[in-house]
Each structure stands twice: as structure tokens, then as C-alpha cells.
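Read the structure below first, then the notes.
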Amino acid sequence: MADCIFCKIAAGEVPATVVYEDDMVIAFDDLSPMMPVHTLIIPKEHHANIGDDVPDELMGHLFNTVKKVAQIKEVSESGYRVIVNTGDDAQQSVHHLHVHVLGGAPMNSGSPAL
Ligand code: DGP
């Protein structure tokens with residue numbers, strides 16, 4: 001998608017702080033972090049959201065990458081929150097499937113749910 005900011009990050013056309021990358025996914029720190037750890041994981045292939053027709057292998061790989069990112073960001077033991085905003089009511093602002101991984105401090109009911 002020519003006008004998709006996350007496609008441009010995946011292609012290396014827009015800079016990002018990359019946390020993890022392989023042939024199917026890339027993880028990078030959120031531009032506007034809501035927590036000390038706030039990393040996004042995206043498939044390199046463009047899919048608008050989790051309701052899109054995402055191949056099982058890619059969807060599985062995307063979510064298996066969460067624990068790798070948690071290890072790299074050193075929140076595996078302390079805990080973390082995983083959020084996937086989908087569509088307008090969830091206020092999804094970037095229409096390229098992405099998984100938020102949030103952590104690095106205790107969360108409660110008042111913590112950002114994004
Ligand atoms: P969502 O509301 O779930 O669509 O969250 C999109 C997130 O993407 C939001 O937390 C900010 C982040 N974001 C938007 N543009 C960029 C960008 O160019 N670079 C990075 N690193 N993050 C971005």
C-alpha cells in the first residue's frame with residue numbers, strides 16, 4: 001500500500017527503532033509511547049486489521065512474536081499487556097494490522113487501554 005506508513009516502515013523507507021525483524025514481521029517502538037515499553041508488531045504484508053483475510057501461518061507467527069519482543073524488552077517476568085485495536089469504535093488509527101505490547105510499569109484500571 002503506497003500510502004501506508006507501516007508498509008513504509010516495513011520497507012525501510014521510514015525510520016523506526018526496530019526491536020525485532022524476520023521475513024514475515026517487524027517490531028518497532030511506538031512513536032508516542034503510552035508506557036515505558038510500547039512496541040508494535042506488524043506483518044510485513046499489508047492487512048488492514050485482525051478481521052482481514054490474514055493467512056493462519058502469518059497470524060500465528062505474528063502472535064508468537066509477542067513473547068520474543070517481551071523477552072527483548074525484558075518484560076517477560078514483570079508482565080505486559082497486548083492490545084489489537086480493530087476498526088473505528090476501537091479508534092484504530094493506522095489501518096495496517098498491528099499488535100501493541102505494553103509494559104515496564106504496573107498497570108491498573110486507569111492505565112491506558114489505548
Ligand atoms: P492504533 O490506535 O492502534 O492504530 O495505534 C497506532 C499507533 O501507531 C499509535 O500508538 C502511534 C503509532 N504510530 C503512528 N505512526 C507511527 C510512525 O510513523 N512510527 C511509529 N514508530 N509509530 C507510529
Side-chain angles (χ1 to χ4, degrees):
M1 291 272 289
D3 58 348
C4 171
I5 186 69
F6 285 180
C7 283
K8 289 179 179 169
I9 289 174
E13 295 168 8
V14 166
T17 302
V18 175
V19 171
Y20 173 83
E21 181 173 10
D22 61 30
D23 58 333
M24 296 172 90
V25 301
I26 183 167
F28 52 91
D29 288 333
D30 195 289
L31 198 59
S32 308
M34 307 286 283
M35 292 288 292
V37 171
H38 188 169
T39 299
L40 305 173
I41 312 171
I42 67 167
K44 289 185 171 178
E45 192 174 282
H46 185 87
H47 293 280
N49 60 47
I50 202 169
D52 206 350
D53 190 16
V54 184
D56 287 350
E57 185 189 1
L58 179 55
M59 191 73 91
H61 188 73
L62 181 69
F63 280 89
N64 267 324
T65 304
V66 169
K67 62 189 175 194
K68 289 181 188 156
V69 166
Q71 284 163 0
I72 292 165
K73 301 298 280 188
E74 300 182 330
V75 295
S76 293
E77 299 301 319
S78 52
Y80 51 92
R81 183 169 289 171
V82 177
I83 295 174
V84 184
N85 291 323
T86 307
D88 292 342
D89 280 1
Q91 297 189 322
Q92 181 183 3
S93 62
V94 178
H95 296 279
H96 181 128
L97 173 59
H98 54 280
V99 178
H100 294 260
V101 180
L102 297 140
M107 285 173 258
N108 54 39
S109 58
S111 296
L114 290 170

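Order of appearance sets the numbers: ligands from 1, and atoms from 1 within every ligand.
Heavy atoms of Gln91 found under 4.0 angstrom from ligand 1 belong exclusively to the backbone. At a heavy-atom distance under 4.0 Å, atoms from both the backbone and the side chain of Leu31 approach ligand 1. Neither the backbone nor the side chain of Ala16 has a heavy atom within less than 4.0 Å of ligand 1. When non-hydrogen atoms are compared, ligand 1 lies under 4.0 Å from neither the backbone nor the side chain of Val14.
At least one heavy atom of His98 lies less than 4.0 angstrom from ligand 1. Heavy-atom distances between His100 and ligand 1 reach below 4.0 Å in at least one pair.
Backbone and side-chain nitrogen or oxygen atoms of Ser93 are examined, and one is located within less than 3.5 angstrom of a nitrogen or oxygen of ligand 1. For ligand 1, none of its N or O atoms has an N or O atom of Ile9 under 3.5 Å away. Ligand 1 has no nitrogen or oxygen under 3.5 angstrom from a nitrogen or oxygen of His38. Checked against a 3.5 angstrom limit, the closest N/O atoms of Asp29 and ligand 1 fall inside it.
Every atom of ligand 1 is numbered from 1 in the order shown, and the set under 4.0 Å from a heavy atom of Phe6 is 8 (O), 16 (C), 23 (C). Close contacts of ligand 1 with Phe28, meaning ligand atoms under 4.0 Å from a residue heavy atom, involve 20 (C), 21 (N). Of all atoms in ligand 1, numbered sequentially from 1 with element shown, those under 4.0 Å from a heavy atom of Asn85 are 1 (P), 2 (O), 3 (O). Residue contact check: Gln92 has heavy atoms under 4.0 Å from atoms 4 (O) of ligand 1. Close approach of ligand 1 to Leu40 (heavy-atom distance below 4.0 Å) involves ligand atoms 8 (O), 12 (C). Interface atoms of ligand 1 facing Ile5, defined by a heavy-atom separation under 4.0 Å, are 18 (O).
Taking the centre of each ring, His100 and His98 come in below the 6.0 Å mark.
Closest heavy-atom contact between Lys67 and Tyr80: CA-OH, 4.2 Å. The two residues Ile26 and Lys44 have their closest heavy-atom pair at CB-CE, 4.2 Å. The heavy-atom pair separating His95 from His46 by the smallest distance is O-CE1, 3.2 Å. In plain terms, the two heavy atoms of Lys73 and Val37 that are nearest each other are CB-CG1, 3.8 Å. The heavy-atom pair separating Ala27 from Ile41 by the smallest distance is CB-CG1, 4.0 Å. Annotation for Pro55 and Glu45: closest pair CD-OE2, 4.1 Å, computed over non-hydrogen atoms.
No donor-acceptor pair under 3.5 Å is formed between the side chain of His47 and the backbone N or O of Ile42. Side chain of Asp52 to backbone of Val54: no donor-acceptor contact under 3.5 angstrom is found. Here the side chain of Ser76 pairs a donor or acceptor atom with the backbone of Gln71 at under 3.5 angstrom.
Nearest to atom 7 (C) of ligand 1 by heavy-atom distance, out of Thr86, Asp30, Val94, is Asp30.
Transitive grouping of hydrophobic side chains (ILVMFWY, heavy atoms separated by less than 4.5 Å) brings Leu62 and Val82 into a common cluster.
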